[in-house]
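As structure tokens, the structure follows; a few thoughts come after it.
Computed from a predicted model, the values in this text were never measured in an experiment.
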Amino acid sequence: EVQIVESGGGLVQAGGSLRLSCAASGFTFDHFAMCWFRQGPGKEREVVSCVSINDGTTYYADSVKGRFTISSDNAKNTVYLQMNTLKREDTAVYYCAAGPPLHTLVRINGQFFPYWGQGTQVTVSS
């Protein structure tokens, strides 16, 4: 059974930090890219950051470059998203998803991602 479980969300003041975790099981972890997506209130879902597990290639949305860092612990089938200098506009439900390796994707929009977690809420207050 495939499981993707996110944790680490919460309420934080602007300028603060959070670390999200994504624990995956039930599929061959290093055959996939693991991505964080988010959907803020009234907004469309957007990709935040990804890592191809087999070669470590990473991707960051422009809005989070320099503030967020994605990493993986392949022994634990777990991906992390360290979020620093959080802004109010980072408020969203954050989803972890497994999809094709990054080099196979023209666009990262969630299409072709077969496995998704339930999401974890991140709220940034001013």
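V5 and F37 end up in different hydrophobic clusters when Ile, Leu, Val, Met, Phe, Trp and Tyr side chains are linked at under 4.5 Å. No single ILVMFWY cluster, assembled from side-chain heavy atoms under 4.5 Å apart, contains both Y80 and I53.
Of all non-hydrogen atoms in K65 and Y60, the two that sit nearest each other are CE-O, 3.3 Å. In terms of heavy atoms, I70 sits closest to T58 at CG2-CG2, 3.8 Å. Summarising the geometry of W36 relative to L81, their closest heavy-atom pair is NE1-CB, 3.5 Å, with the distance given to 0.1 Å. Smallest separation of non-hydrogen atoms from V12 and G16: CG2-CA, 3.9 Å. Heavy-atom minimum distance, R38 versus D90: NH1-OD1, 2.9 Å.
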Please output the side-chain donor-acceptor pairs of residues 101-115 that fall under 3.5 Å, not counting sequence neighbours, one pair per line with the distance.
| unit_1 | atom_1 | unit_2 | atom_2 | d |
| --- | --- | --- | --- | --- |
| T104 | OG1 | P101 | O | 2.7 |
| N109 | OD1 | Q111 | N | 3.0 |

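N74 meets the side chain to side chain donor-acceptor pair (under 3.5 Å) test with S72; sequence neighbours excluded. Residues satisfying the side chain to side chain donor-acceptor pair (under 3.5 Å) test with N77, not counting sequence neighbours, are none. For T123, the side chain to side chain donor-acceptor pair (under 3.5 Å) partners at least two apart in sequence or on another chain are Q121.
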Next on the checklist: Is there a side-chain contact (heavy atoms from CB on, under 4.5 Å) between K87 and V124? Walk through the geometry before answering.
Outcome noted: CA-CA 6 Å; K87 304 176 181 180; V124 183; 5.6 Å; no

Checklist entry - Under the side-chain contact (heavy atoms from CB on, under 4.5 Å) criterion, do L20 and M83 qualify, and how do the steps go? => result CA-CA 8 Å; L20 305 183; M83 306 187 295; 3.7 Å; yes

Next on the checklist: Apply side-chain contact (heavy atoms from CB on, under 4.5 Å) to residues T120 and V93 and explain how you reach the verdict.
Outcome noted: CA-CA 5 Å; T120 186; V93 178; over 6 Å; no

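Using a 30° and 60° split on the angle between ring planes, F32 and F27 fall in the perpendicular class, above 60°. Note: Y95 and W116 have perpendicular aromatic rings, judged against thresholds of 30 and 60 degrees for the angle between ring planes.
The distance from the OG1 atom of T78 to the CD1 atom of I4 is 11.0 Å, given to the nearest 0.5 Å.
Contact annotation: the side chain of V48 approaches that of F68 to within less than 4.5 Å [non-hydrogen atoms, C-beta and beyond]. Using a 4.5 Å heavy-atom cutoff, the side chains of F29 and M34 are in contact. Using a 4.5 Å heavy-atom threshold, the side chains of T57 and V51 count as separate. Counting heavy atoms from C-beta outward, Q118 and E6 have side chains that approach closer than 4.5 Å.
With hydrogens and angles left out, the side-chain atoms of S52 and N54 include no donor and acceptor closer than 3.5 Å.
Residue pairs that meet the disulfide (SG to SG under 2.5 Å) test with at least one member in residues 51-126, sequence neighbours left out, are C22-C96. Pairs engaging residues 12-23 under the side-chain hydrogen bond (donor to acceptor under 3.5 Å, both in side chains) rule: S17-N84 [sequence neighbours left out].
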